[in-house]
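Numbered from 1 within each chain, the chains take letters A, B, ... in sequence-line order.
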Amino acid sequence: MISRDFLRKEFDRLPHLFRQRNVPAGALEEWRDIDAVRRMRLTQVEGARAARNSLSQKIGAKRKAGENSAGDEQLSKEIATQTLSLEAELKALDERLVPIEETLPNIPQDDVPDGADEAQNVVLKTWGEPTRFDFPPLAHWDLGPALGILDFERAAKITGSRFTVLKGPASLLSRALIQFCLDVHTREHGYTEVLPPFLVNSASLFGTGQLPKFEEDLFHLEGTDWYLTPTAEVPVTNLHRDEVLSWKELPISYCAYTPCFRAEAGAAGKDTRGMIRQHQFDKVELVKFTSSQASREEHERLTRDAEDLLERLELPYRRIALCRGDLGFASAKTYDLEVFLPGQNGYKEISSCSNFEDFQARRAAIRVKVEGAGGKPRNELVHTLNGSALPVGRTLVAILENFQRKDGSVSIPKVLQPYCGGLAEIRRL
RNA sequence: GGAGGAGUGGCCGAGUGGCUUAAGGCGGCGGUCUUGAAAACCGUUGAACCGCAAGGUUCCGGGGGUUCGAAUCCCUCCUCCUCCGCCA
């Protein structure tokens, strides 16, 4: 959420700050008009309350002294009756104001490239060369079933489309990847591992920005307030919801493995083959809580932590800066990492590393006690960041496609072999 | 699932209708003392909102109600604890 104070003070600049960010037409003007009336009503209501409070005090004193207070009691009642409609109006204005504020997206950092959609994203760096083969490389949806390690048909039978059964070495590799990612982050990158609940409530989803705007992307458990988590970002960021942290603790860095569940509403016909876009996938996620001063630097570091894994796995990738129009709702700046997939002869998103600044922290009330002017302690909103490092399914796809050999077998990246009991290659089951 | 008990500031905890402007303690911050630190002592220290300011309003798990007045009484929901049942 954007602060009300900021909206007021910077109102004239808002159309510029929100350009290309998909803000409904007229929403800002509507917000300004309601806010102006609301402040007038608030002042009136609070004045009436102050009058009643002082009357109540007076009544108490009179009664104690044994004096008659009937006149003051009558007056207090009259004020209450007169204020009733004013209070109702104030409540109604709030109920119109808050939904507008809740659906305004975050404001991008000033170095985020202009652009309406993904076509205007900017390639910042490329690591490695697209893998070359002296034979026509297969896509994983052909390679996997041929090896007998990916089974899309039976998954569809058990559950439906956009699910996959992993078998034998694929299942092993999946497990190895989770372990590998967590080990590197905890032992070398300074993250603390967390294993959170996979079901989250609506307050948590509101905190990170999935609700109320994106409910259709989620799986909701009927008759409950529980949703299947779409990413570990939700439970892990909400670890500190409604808390005041100490500046000494920052930055806090967590990594977490969870399965992720996405309804993929509106994705019909997109990436329907293979296991690129699934209703359920495993992912290791990085989440940081930082001071406002440190968040840009920590964003670079977090992105490097994700890239480091791809480099160790010998997977060619590039780093993309998302343009304003392609930025997610809550993000102030996002780097996407794209891995090279021979089966599609192109780069495909494998990680998304975002700085949300105080947008999520304001929604989730995550604060830090800092020293303010004159040494007085005061609360400041933290900055939250997160990134995938790495999603297991897409990484598995990248390994299968990049490490395939002419005879249809697949070699296993060196760093993963110890995690696979020394297994060096996958052959047909 | 059943029966009891309990939710008060960053933490602990007092408070059963108006001297609560939430006592006291811990922790934090500043100071005195000290070569430095510790201890001791002194001071200070919740949040949101309206307002240029003075000042004001709201918040004692959430919501609703009674009352001139609610942390305190009533209703309801949530969470935690204890015991019982069931269970990996």
*Could you tell me whether A:H383 and A:F359 have their ring centroids closer than 6.0 angstrom?*
no

*Just to confirm, is there a sub-4.0 Å distance from OP1 or OP2 of B:G69 to any side-chain nitrogen or oxygen of A:N53?*
no

*What integer number of Å spans the C1' atoms of B:C33 and B:A37?*
12 Å

*For the pair made of CZ in A:R241 and P in B:G61, what is the distance, rounded to whole Å?*
18 Å

*P atom, B:A40 versus B:G56: distance in rounded Å?*
38 Å

_Strictly by Watson-Crick or wobble contacts shorter than 3.5 Å, is anything paired with B:G85, and which nucleotide is it?_
none

*asked:* Can you check the distance between B:C59 and B:G43, where both ends of the measurement are the C1' atom (answer in whole Å)?
replied: 28 Å

*Write down the distance separating the P atoms in B:G4 and B:C87, rounded off to the nearest Å.*
24 Å

*asked:* Distance check needed: B:C19 P versus A:R63 CZ, whole Å only.
replied: 14 Å

_Whole-Å distance separating the CD atom of A:Q57 from the P atom of B:U20_ = 11 Å

*Whole angstrom value for the distance that separates P of B:G28 from CD of A:E249*: 13 Å

*What is the distance, rounded to the nearest whole Å, between atom CD of A:E243 and atom C1' of B:G9?*
15 Å

*Round to the nearest Å and state the distance from A:L55 atom CG to B:G56 atom P.*
15 Å

Which atom pairs link the protein and nucleotides 49-52 of chain B when you take only N or O atoms and keep those under 3.5 Å?
residue: B:C50; atom: OP1; partner: A:R8; partner atom: NH1; Å: 2.2
residue: B:C50; atom: OP1; partner: A:R8; partner atom: NH2; Å: 2.6
residue: B:C50; atom: O2'; partner: A:T43; partner atom: OG1; Å: 3.2
residue: B:G51; atom: OP1; partner: A:R39; partner atom: NE; Å: 2.9
residue: B:G51; atom: OP1; partner: A:R39; partner atom: NH2; Å: 2.7

*Is the closest side-chain donor-acceptor distance between A:Y254 and A:H240 under 3.5 Å?*
yes

*Rounding to the closest angstrom, what is the interatomic distance between B:C84 and B:C49 at atom C1'?*
48 Å

*Salt-bridge test for A:R262 and A:E264: reply yes if a basic N is under 4.0 Å from a carboxylate O, no otherwise.*
no

_Is it the case that the side chains of A:E215 and A:Q210 hold a donor-acceptor pair, with the cut-off being a distance below 3.5 Å and no angle test?_
no

*Decide whether A:E357 and A:Q109 meet the rule of one side-chain donor and one side-chain acceptor closer than 3.5 Å.*
yes

_Distance check, rounded to the nearest 0.5 Å: A:L205 atom CG versus A:T229 atom OG1?_
7.0 Å

*side-chain contact (heavy atoms from CB on, under 4.5 Å) with A:T334: which of A:S352, A:C353, A:P108?*
A:S352

*Could you work out the separation of B:G9 and B:U82 based on their C1' atoms and round it to a whole Å?*
27 Å

*Check the pair A:M1 / A:D358 against side chain to side chain contact (heavy atoms under 4.5 Å, CB included), numbers first and verdict last.*
CA-CA 8 Å; A:M1 235 167 8; A:D358 63 10; over 6 Å; no

*Which nucleotide in the list B:G69, B:G18, B:A47 gets nearest to the side chain of A:R52?*
B:G69

*Nearest-Å distance, NZ (A:K77) to C1' (B:C68)?*
8 Å

*When rounded to the nearest 0.5 angstrom, what is the spacing between CD1 in A:I252 and CD1 in A:I366?*
9.5 Å

_Using the C1' atom as the point on both nucleotides, what is the distance between B:C60 and B:A23, in whole Å?_
14 Å

*Are A:E425 and A:R427 ion-paired here, with the side-chain N under 4.0 Å from a carboxylate O?*
yes

*asked:* With rounding to the closest Å, how many angstrom separate the P atoms on B:U66 and B:C78?
replied: 24 Å

_B:U32 pairs with, by Watson-Crick or G-U criteria that keep both distances under 3.5 Å_ = B:A40

*If you check the A:I59 side chain, which of B:C68, B:U57, B:G10 turns out closest?*
B:C68

_Exactly one of A:E298, A:E249, A:E233, A:E297 should register a salt bridge (charged side-chain N to carboxylate O under 4.0 Å, His left out) with A:K288. Which one does?_
A:E298

*asked:* Output the rounded distance in Å from CD1 (A:I79) to C1' (B:U57).
replied: 15 Å

*Out of curiosity, A:E243 CD to A:R367 CZ, how far, rounded to the nearest 0.5 Å?*
9.0 Å

*Could you walk me through whether A:F219 and A:Y227 pass the ring-ring contact (aromatic ring centres under 6.0 Å, His included) check?*
CA-CA 6 Å; A:F219 286 110; A:Y227 297 76; over 10 Å; no

*Heavy-atom contacts under 4.0 Å between residues 359-367 of chain A and RNA chain B, which residues?*
none

What pairs of nitrogen or oxygen atoms, one from the protein and one from nucleotides 78-80 of chain B, lie under 3.5 Å apart?
none

_Minimum-distance nucleotide to A:R49 side chain [options: B:G10, B:U57, B:C68]_ = B:U57

*Indicate whether any N or O donor in one side chain lies under 3.5 Å from an N or O acceptor in the other, for A:R241 and A:S204.*
yes

*Does B:C60 pair with anything, Watson-Crick or G-U wobble, both distances under 3.5 Å, and if so, with which nucleotide?*
none

*Nucleotide forming a Watson-Crick or wobble pair with B:U79, both distances under 3.5 Å*: B:A6

_Counterpart base for B:G24, defined by Watson-Crick or G-U wobble contacts under 3.5 Å_ = B:C12

_Under 4.0 Å, counting only non-hydrogen atoms across every strand here, what does A:S76 touch: a base, just sugar-phosphate, or nothing?_
sugar-phosphate

*asked:* Between A:K91 and A:G47, which residue's closest nucleotide on RNA chain B lies nearer the 5′ terminus?
replied: A:G47

